[in-house]
Amino acid sequence: MGRDRVVGYGSYAFEYAASARISDEDRRVLIDVAKGVVRQAAMDGGMAPNVQISGPLARTLTAQRATFVTLEIGGVLRGCRGSLLPVRTLIADVVENAFQSAFGDPRFPPLTAA
């Protein structure tokens, strides 16, 4: 199988299940933010957007976490990037990895607005 068809990574966490669970609302926020980052960057020719999130955020979204963001177009892999260590907040990690998935995965050319 070629490199363009494989995504491989490991993720490990040891935490009480009840505190590690992300609510459906927080999941929706993360997905919306990731989509917004990719959309805005594509419209700006691949420039990383300056994301400013206003208002209070759920504690889950501000906890330091590591993420992987996978992009697909029509069910086909289009980019995947992630963090192995929790060095920033969950929402900031999703912002960075969404951008990198769209514009920094060396297996694919950067996304365009088209």
Side-chain angles (χ1 to χ4, degrees):
M1 195 171 282
R3 286 180 51 185
D4 63 332
R5 298 192 49 146
V6 177
V7 174
Y9 56 87
S11 178
Y12 305 93
F14 297 97
E15 195 168 347
Y16 289 106
S19 64
R21 175 81 180 137
I22 298 174
S23 71
D24 290 341
E25 181 180 333
D26 289 347
R27 287 174 188 272
R28 174 60 33 212
V29 168
L30 293 171
I31 290 169
D32 289 348
V33 165
K35 286 180 179 180
V37 164
V38 171
R39 185 178 302 112
Q40 187 62 49
M43 299 293 284
D44 290 342
M47 297 291 295
N50 182 6
V51 177
Q52 295 182 4
I53 299 169
S54 60
L57 291 173
R59 185 175 177 196
T60 311
L61 301 177
T62 60
Q64 280 197 333
R65 296 289 186 262
T67 66
F68 277 81
V69 175
T70 300
L71 302 180
E72 294 180 348
I73 296 178
V76 177
L77 177 66
R78 181 51 187 82
C80 181
R81 300 297 282 193
S83 305
L84 294 176
L85 299 173
V87 296
R88 57 188 152 239
T89 66
L90 175 62
I91 198 161
D93 209 60
V94 166
V95 165
E96 178 63 21
N97 288 323
F99 176 76
Q100 290 300 325
S101 291
F103 302 95
D105 188 326
R107 299 170 292 179
F108 302 99
L111 282 181
T112 64

For S101 and T70, indicate whether the former's side chain and the latter's backbone hold a donor-acceptor pair under 3.5 Å.
-> no
Not counting sequence neighbours, which residues clear side-chain contact (heavy atoms from CB on, under 4.5 Å) with [X]? List them please.
X: V51; answer: V37, P49, I53, V95
X: I73; answer: R78, L111
X: T62; answer: L57
X: A58; answer: D26, L61

Which residues pass the side-chain hydrogen bond (donor to acceptor under 3.5 Å, both in side chains) test with R28, sequence neighbours left out?
-> D32
Qualifying residues under side-chain hydrogen bond (donor to acceptor under 3.5 Å, both in side chains), relative to Q40, sequence neighbours excluded | D44
Identify the two heavy atoms, one from [X] and one from [Y], that lie closest to each other, and give their separation to 0.1 Å.
X: A42; Y: F103; value: N-CZ, 3.5 Å
X: L30; Y: V94; value: O-CG1, 3.7 Å
X: A66; Y: S83; value: CB-O, 3.4 Å
X: R81; Y: P106; value: NH1-CD, 3.3 Å
X: F68; Y: L84; value: CZ-CD2, 4.0 Å

Sorted by chain and number, sequence neighbours left out, salt bridge (charged side-chain N to carboxylate O under 4.0 Å, His left out) with R88 holds for D93
Working to the nearest 0.5 Å, report the span between [atom1] of [X] and [atom2] of [Y].
X: N97; Y: D105; atom1: CG; atom2: CG; answer: 11.0 Å
X: R27; Y: R21; atom1: CZ; atom2: CZ; answer: 4.0 Å
X: R65; Y: I91; atom1: CZ; atom2: CD1; answer: 14.0 Å

Decide yes or no for I22 and L90: does some side-chain heavy atom of the first lie under 4.5 Å from some side-chain heavy atom of the second?
-> yes
